Each structure stands twice: as structure tokens, then as C-alpha cells.
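Take a look at the structure set out below.
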Number of protein chains: 2
Amino acid sequence: MQNAPLSRSEQLLFLTDEQLRQGIEMMFFAYRGFTAYPDKILETYGYGRAHHRAIHFVGRKPGLTVNTLLDILGVTKQSLNRVLRQLVNDGLIDSRVGTKDRRQRNLYLTESGLALEKELSDAQRQRMRKAYAAAGPNAVQGFRTVLAAMIEPEVSTLVRDLLRGAET
Amino acid sequence: MQNAPLSRSEQLLFLTDEQLRQGIEMMFFAYRGFTAYPDKILETYGYGRAHHRAIHFVGRKPGLTVNTLLDILGVTKQSLNRVLRQLVNDGLIDSRVGTKDRRQRNLYLTESGLALEKELSDAQRQRMRKAYAAAGPNAVQGFRTVLAAMIEPEVSTLVRDLLRGAET
DNA sequence: TTGGAAAGTCAACAAGGCTGACATAAACTG
DNA sequence: CAGTTTATGTCAGCCTTGTTGACTTTCCAA
């Protein structure tokens, strides 16, 4: 099994298939570890990762519309709606008719929604903080640079703005 | 909403909640983008991500036992068995009775299994290669350091060895 | 005023997790 | 050798979360 000839930038990076494979596997294990603890918290509430994602992004951009959330999450409206309905019924998310465009629904976290959001994001931030602290500032910079390059290709402008922390 | 006082290493890193949050979201989008193309390939074969994982790790450690694979994947044997049965029936994986311990099954990719494994990992390596090339060597080193720190906490020795590229 | 976008709903289905129960063969142990 | 443990496989049933398709209601905008 021969590797293909290396391009110039690959030569500079010494990117062997072995190293790439290791990166791939690390992504798998890191992502799993990364979601493990929030998953456990959610379970006690009878929720899943889909609920977490909805809560997270509603907390991130209070007042966002359902369509915006659909764009961010990349799932079907039926799929999102099921989760959203639960969260609204359970009083974690407030769905208000839009003032400018009354077809739209603007989504907000209620007080208890905020509480759960905080519990989940505290857990995840703590893990991230520990990894960052163990790896050091330079590594963190590199980590972010690679992730950004990995995300770049096909993500919507909306998501790009979200990651940049832009106001909408 | 005040941030908790920063520890010494956090002060050195300037780890604001905002930056951590950004890291968290990047993990989400990066992982999604990372699995998107393999998912599309798998769909044409009628397989899912679970099949991909099985094929990947069998390709990675030819002859591994079912128990080892269970440890790596962290799912139940029933869940794995469903997927494995399909792959064996479809002739992508060969399940051979162990020679030392005849209770065990040693798993190998067949020729067509190897072909699919290559197709999938080529796709993923290409994405990883592009991100690495765009980010540069220093960033790559940092990326790996942070991911390693993120994985560290609770992973089994087996997985740690796997990532180190150890022979078993 | 009418066409179409935004949102919601119902139904049906599939993948892939899970638990529990049980079967079999092989290995180990007293 | 008998009994227990281990490795694996399998059946049944459940849950979450994704999918498509069809349809309704609301309501903005041309």
C-alpha cells in the first residue's frame, strides 16, 4: 500500500497517512468525550443531544427565528419542531410571535431554560478549559486555527457570523 | 452574569467564557463537517456512521476481537452486533474463530471491505489534509495537543494505545 | 387579492442507541 | 470432572432523532 506522492505543502508538513489517521481518530474520541457529560445531565431531565443543541443556540442568539435555528442546526423542521415543542411545553423556551413579521416565531430561553443552559455550558466549558490549560496558549491558538480551516468549506454565512460572534 | 474568578493558568491563557464557547461551537461544526462526506458515501451503500466506525477500527487493527471493538466503540454488544452481522453477511468483514481462544472471533476486512475502508478514509484524510495545510505546521501541532488533552480523562488504555499507534 | 413564504402538524419510517433475557461453546477452576 | 465464568450471538422491545411527504394556517408583498 503506497502513499500518493506528496504535494508541496504536504511535504512541508510531513503529513503521512498515519498522522492524518491519528487526527481523524482523535476527532472521534474527543467529540465523544466532549459530549459525554452534558449527555448525562440531559438524561436526568429526559432530554437528548438534540435538546441541548436547541437550548444552546437559543441561548446564544436570544430571539432567533425558527428558520435561523434550522439553518444553524442543519436538520429538518419536523425534526427540530418535535424537540422545540417539548421545550416550549416544558417551559424552557418561550416562542413569541414576531413583531415585524408575525409569521415568524422568536425564541427565547425562560428562566428555567437559562438555568439548564448554564448547567450544560458550565460543564462543557470546564472540560474545554481543562484541555486548554493542559495544552497551553500556543496549542490553543493552533487548535482554533485548524478547526476553523476544517469548518470553512461548506458552512452557511449565518454560522460563520455566529462563530465570529457577530451581532444580528 | 459574572464570570468566576480566573485561576492562574486561565489568566495566562485569557480564557474568557466567550472564547471557550467559541471553541465548543467549533467542535460541533467541525465534527459535523468532518463526517458529512463519509456519510454521503455510506448512504450509497445503505450503511450509516456505525458501519463506518466498525470498518475503520477493524481496518486499523486487523484481527481484533469483538470485545476489543466493543471497548473502543463504547456501545453495547447488541448494537455492535447488528452492524457487524450486516457487514459479515455483505462480505465486507470476515469473522474467524480465534486460534488461541476459540470463543473469540477475530475480525478482518475482506477485499471489498478494504476497498470501502479506503474510499472512506481517503475522503476523510483529504479533508484533514486540507485543513492541516491551510492552518500550517505549528497550528497542527497545537491542534493535536489540545485534542489529546481533551481525550485524556476517561478513555480506556486500549484506546490510548490505539491512538499512540501501539501494536497489540 | 392572490401567490408564496414561514411555520406548524400528522403520519410513517429507518438508523442506531439502549435494556433484559437467554443460548451456546469454550475456557477456567476447585 | 462438575460447576462457573467468559465471549459471543440473538430475540424482543423501547427510545431518540433523523428522514419524506402531505397538508393547513397565517400573513407579507407584489
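The chains referred to below are lettered A, B, ... by the order of the sequence lines, with proteins before strands, and numbering in each begins at 1. These numbers were taken from a predicted model, which means no experiment stands behind them.
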key: Side chain of B:Q104 - closest among D:dG18, D:dA7, C:dA21   = D:dA7

query = Can you check the A:R96 CZ to C:dA6 P distance for me, whole Å?
reply = 22 Å

ask   = Please give, in whole Å, the distance from C:dT24 P to B:R105 CZ?
value = 14 Å

message = Side-chain N or O of A:N81 versus OP1/OP2 of C:dA7: is the shortest distance under 4.0 Å?
response = no

inquiry  = I'd like to know if B:L87 and B:Y108 are part of one continuous hydrophobic network [Ile/Leu/Val/Met/Phe/Trp/Tyr, side-chain heavy atoms within less than 4.5 Å].
reply    = no

Under-3.5 Å donor-acceptor pair between B:Q78 side chain and C:dG20 base = yes

query = Which whole-number value in Å describes the distance from A:L70 CG to C:dT9 P?
reply = 14 Å

ask   = How close or far is atom P of D:dT16 from atom CZ of A:R53, stated in whole angstroms?
value = 15 Å

key: Salt bridge B:R60-A:E25, side-chain N to carboxylate O under 4.0 Å   = yes

ask   = Taking only N and O in the side chain of A:N67, is any of them less than 4.0 Å away from OP1 or OP2 of C:dA5?
value = no

key: Whole-Å distance separating the CD1 atom of B:I55 from the P atom of C:dG16   = 11 Å

ask   = Taking only side-chain nitrogens and oxygens of B:R102, does any of them come within less than 4.0 Å of OP1 or OP2 of C:dA26?
value = yes

key: Residues within residues 33-51 of chain A bordering DNA chain C, heavy-atom distance below 4.0 Å   = none

message = Would you call the rings of B:Y31 and B:F34 parallel, tilted or perpendicular, taking 30° and 60° as the class edges?
response = tilted

inquiry  = Without decimals, in angstroms, what is the distance between B:Q86 CD and D:dT10 C1'?
reply    = 15 Å

ask   = Would you call A:K40 and A:E43 a salt bridge, using N to O less than 4.0 angstrom?
value = no

key: Phosphate OP1/OP2 of D:dT19: any A:T76 side-chain N/O under 4.0 Å   = yes

remark   = A:R144 meets the salt bridge (charged side-chain N to carboxylate O under 4.0 Å, His left out) criterion, sequence neighbours left out, with none

query = Between C:dG8, D:dT17, C:dA25, which nucleotide gets closest to the side-chain atoms of A:R82?
reply = D:dT17

key: Distance test, side-chain N/O of B:R85 to OP1/OP2 of D:dT10, below 4.0 Å   = yes

message = In this structure, how many angstroms lie between the P atom of D:dA7 and the CG atom of B:L84, rounded?
response = 16 Å

ask   = Run the side-chain contact (heavy atoms from CB on, under 4.5 Å) check on B:Y132 and A:L20 step by step: do they pass?
value = CA-CA 9 Å; B:Y132 277 10; A:L20 291 167; 3.9 Å; yes

request  = Figure out the CG/C1' separation between B:L80 and C:dC18, and round it to whole Å.
outcome  = 14 Å

inquiry  = If the cut-off is 4.0 Å, is A:R103 near the phosphate of D:dT25, judged by side-chain N/O to OP1 or OP2?
reply    = no

key: Nearest heavy atoms of B:L163 and B:I151, plus distance in Å   = CD1-CD1, 4.0 Å

